[in-house]
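The structure appears below as structure tokens.
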Amino acid sequence: MAVEELQSIIKRCQILEEQDFKEEDFGLFQLAGQRCLDEGHIDQLFEIIQNEKNKLCNPKELLLGLLELIEEPSGKQISPVILLLLRPLQTVIQKLRHNRAYSVGLALSTLWSQLSVLPVPYTQGQMQADEYGLCQCCEALVEFTKPFVEEVTGDKENSVENEKLKDELLKFCFKSLKCPLLTAQFLEPPEQADTDPLRRFAAEIIGFLSAIGYPFPKVIFNHGRKKKTWDYLEFEEEEDKQLSDSMASLAYLVFVQGISIDQLPMVLSPSYLLQFNMGHIEVLLQRTEESVLSKGLDLLENSLLRTEDSSLLHQCLEIKSFLTVPQGLVKVMTLCPIETLRKKSLALLQLYINKLDSQGKYTLFRCLLNTSNHSGVEAFIIQNIKNQIDMSLKGTPNKWFTGPQLVSLLHLVLFLPEGAETDLLQNSDRIMASLNLLRYLVIKDNENDNQTGLWTELEKIENNFLKPLHTGLNMSKAHYEAEIKNSQEVQKSKDLCSVTVGGEEIPNMPPEMQLKVLHSALFTFDLIESVLARVEELIEIKTKSTSDENMR
């Protein structure tokens with residue numbers, strides 16, 4: 001019915017002269033066209049629009065009508081409509097004599113708004129199925145845009161209208177870098193790159209940027225600078241999240257995917273490229289989507305692997321992103337539900353530490369000990385501190401991991417945050433790492449040498465760490481032993497009850513499970529206690545030995 005109605009309207013319009021064609025006539029055509037879309041008669045509508053006999057009304061009215069048709073559908077109907085109307089839309093805009101740039105911008109903005117709500121395919125299977133048609137639309141959108149890019153590049157006079165058109169194309173490229181390209185997952189391995197429609201779309205967008213006078217080095221190296229060398233005023237004024245996301249996406253596409261990387265000057269040092277990319281990595285790690293987090297980690301890995309160990313100067317840490325990125329890695333390590341990303345973040349944090357010079361390592365350790373609020377992360381940092389001390393004692397002494405500087409760091413490590421009241425179970429990883437570090441120092445550093453400064457600080461360490469730890473262990477063991485006794489009595493009555501573990505109540509746990517949890521906690525305390533006893537034994541042996549030597 002809808003198709004017949006549309007054909008009837010078109011037959012009536014075909015006999016009208018262009019000057020007699022009124023807005024109401026086009027309104028009827030538009031309404032009938034929408035009914036065809038609603039009833040699923042897309043192929044028939046496409047044939048009618050493509051028929052040369054049916055060139056209707058003036059281009060401006062048709063442009064607005066087509067854009068309204070594009071805006072109407074939702075869900076799986078978006079892509080068929082866009083694919084149907086892109087060619088007529090392109091033809092209409094090319095026939096416009098005035099305000100071409102505005103019309104291109106309006107069309108691209110409308111198209112992008114519709115495409116931005118479509119789900120981005122994540123796996124190779126989803127890309128091949130292309131259920132919502134996003135990949136097809138991206139390829140069609142490239143063909144739609146090409147004539148307007150060629151128009152800009154072909155205008156040697158750089159007219160005002162041409163500059164406006166260039167700005168609209170630039171805006172579209174930045175929007176595309178954010179959506180769909182920021183969340184797009186590209187196919188692996190690299191040899192499959194040519195079959196990846198979204199990667200091809202990315203390459204075309206970067207190519208458009210270069211063609212209209214904004215090759216990626218010019219765009220990307222000027223982002224974030226106070227004084228810019230590019231002249232797009234609208235983006236100068238809106239240095240906002242959208243532009244940051246687009247730039248981070250562009251950095252990933254160039255440095256990790258290698259798109260147009262041959263445009264990059266070869267003279268740039270690895271440390272400069274790392275410094276340049278850290279701001280983009282920071283943006284990517286602030287997101288929560290798996291694909292975007294993964295891109296942030298990949299970009300960081302790519303940048304770090306170019307850099308030699310211990311070559312990154314400590315002054316870099318004065319740049320905000322050089323501290324926020326490792327803090328971002330800690331968040332991924334401790335909060336991300338995806339195990340592969342957690343493990344990769346841990347490996348990259350270690351790689352990042354390796355690239356810093358000694359003072360940089362020292363500064364980062366202090367920062368993460370103060371900000372991580374996670375026992376496992378703190379244990380990881382303490383192990384790194386031990387490794388640096390070991391290298392310093394075995395090789396050339398390093399002032400950051402011996403003497404007064406190290407003493408300051410040790411006071412951050414060898415203490416209990418809340419004294420004897422500290423939750424020992426929750427902080428067990430940190431406490432065990434601290435005790436192992438202290439045991440290492442007692443064994444490796446003689447009291448007469450005192451390279452680490454340990455022996456002059458021993459009394460403070462005993463008061464701030466060892467004695468409160470003894471008290472805390474006694475309190476914790478007494479609490480858990482009482483809980484075990486209570487649980488055993490409940491087990492006899494076969495009731496459910498609650499248990500307090502790590503300061504939190506776990507309700508309605510079966511008695512046998514309660515006992516397992518409680519005994520596990522007691523085992524942890526016994527382990528801590530045994531290492532503590534060994535440390536105190538070693539201290540006593542060392543101090544007695546030194547005293548005997550001094551008396552001879």
Side-chain angles (χ1 to χ4, degrees), residues 116-127 129 131-132 134 178-188 198 241 244-245 248-249 251-252 256-257 277-278 280-304 321 323-353 364 367-384 423 425-430 432-433 499 501-509 513 516-517 520-521 524:
S116 66
V117 302
L118 295 180
V120 179
Y122 187 72
T123 65
Q124 184 172 359
Q126 288 174 349
M127 278 190 195
E131 185 178 355
Y132 285 82
L134 177 65
K178 180 174 181 180
C179 182
L181 293 175
L182 181 64
T183 54
Q185 190 75 22
F186 299 102
L187 295 181
E188 298 289 346
L198 291 178
K241 188 70 169 67
S244 296
D245 286 342
S249 176
Y252 168 82
V256 178
Q257 291 294 321
N277 276 327
M278 285 299 266
H280 303 307
I281 295 163
E282 179 186 13
V283 169
L284 295 171
L285 293 185
Q286 286 172 349
R287 300 285 290 254
T288 56
E289 303 96 322
E290 179 184 354
S291 59
V292 184
L293 280 176
S294 179
K295 286 179 180 181
L297 298 177
D298 288 345
L299 183 55
L300 178 59
E301 182 179 39
N302 179 281
S303 303
L304 289 174
S321 58
L323 285 177
T324 54
V325 164
Q327 289 171 331
L329 291 175
V330 167
K331 285 183 181 176
V332 178
M333 286 161 52
T334 55
L335 299 176
C336 180
I338 301 157
E339 184 182 11
T340 53
L341 296 187
R342 291 200 304 272
K343 287 182 174 179
K344 184 161 187 174
S345 295
L346 176 62
L348 285 177
L349 181 56
Q350 185 62 66
L351 187 61
Y352 181 63
I353 289 168
L364 182 64
C367 171
L368 294 181
L369 283 172
N370 283 319
T371 60
S372 68
N373 297 315
H374 188 279
S375 179
V377 174
E378 290 162 356
F380 170 78
I381 296 301
I382 292 167
Q383 178 61 42
N384 267 276
D423 186 332
L425 194 61
Q426 192 170 335
N427 288 276
S428 60
D429 287 341
R430 177 197 171 113
M432 286 296 294
V499 178
V501 176
E504 294 185 11
E505 192 175 87
I506 304 176
N508 298 330
M509 182 182 286
M513 184 61 71
K516 191 174 180 180
V517 170
S520 175
T524 300

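For reference, positions follow the sequence shown, starting with 1.
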So does [Y] get a backbone contact from the side chain of [X], meaning a donor-acceptor N/O pair under 3.5 Å?
{"X": "Gln126", "Y": "Tyr122", "value": "yes"}
{"X": "Ser249", "Y": "Asp245", "value": "no"}
{"X": "Ser345", "Y": "Val332", "value": "no"}
{"X": "Ser372", "Y": "Leu368", "value": "yes"}

For a side-chain contact (heavy atoms from CB on, under 4.5 Å) with Val377, tell me which candidate from Thr334, Leu346, Asp429 qualifies.
Thr334
Which value, rounded to the nearest 0.5 Å, describes the distance between [X] atom [atom1] and [Y] atom [atom2]?
{"X": "Lys343", "Y": "Leu348", "atom1": "NZ", "atom2": "CG", "value": "14.5 Å"}
{"X": "Leu341", "Y": "Leu329", "atom1": "CG", "atom2": "CG", "value": "11.0 Å"}
{"X": "Gln286", "Y": "Thr324", "atom1": "CD", "atom2": "OG1", "value": "7.0 Å"}
{"X": "Leu285", "Y": "His280", "atom1": "CG", "atom2": "NE2", "value": "13.0 Å"}
{"X": "Glu378", "Y": "Thr371", "atom1": "CD", "atom2": "OG1", "value": "9.0 Å"}
{"X": "Asn370", "Y": "Ile381", "atom1": "CG", "atom2": "CD1", "value": "11.5 Å"}

Would you say that [X] contacts [Y] through its side chain, given a criterion of any heavy-atom pair below 4.5 Å between the two side chains?
{"X": "Val325", "Y": "Tyr352", "result": "no"}
{"X": "Leu134", "Y": "Pro121", "result": "yes"}
{"X": "Ile353", "Y": "Phe380", "result": "yes"}
{"X": "Leu198", "Y": "Met127", "result": "yes"}
{"X": "Lys331", "Y": "Cys336", "result": "no"}

Leu364 and Pro326 have their tightest heavy-atom pair at CD1-CG, 3.7 Å
Closest contact, heavy atoms only, Ser321 versus Met278
OG-CB, 3.4 Å
Verify the distance criterion only: is there a donor paired with an acceptor across the side chains of Thr183 and Glu289 at less than 3.5 Å?
no
Between Ser375 and Asn427, is any side-chain donor less than 3.5 angstrom from a side-chain acceptor?
no
Full working for side-chain contact (heavy atoms from CB on, under 4.5 Å) between Leu349 and Met333
CA-CA 9 Å; Leu349 181 56; Met333 286 161 52; 3.9 Å; yes
Check residues 292-301 and write down every donor-acceptor pair under 3.5 Å in which the side-chain atom is one partner and the other belongs to a residue at least two apart or another chain.
residue, atom, partner, partner atom, Å
Lys295, NZ, Leu181, O, 2.7
Lys295, NZ, Leu182, O, 2.8
Lys295, NZ, Ala184, O, 2.7
Asp298, OD1, Lys344, NZ, 2.5
Glu301, OE1, Lys344, NZ, 3.2

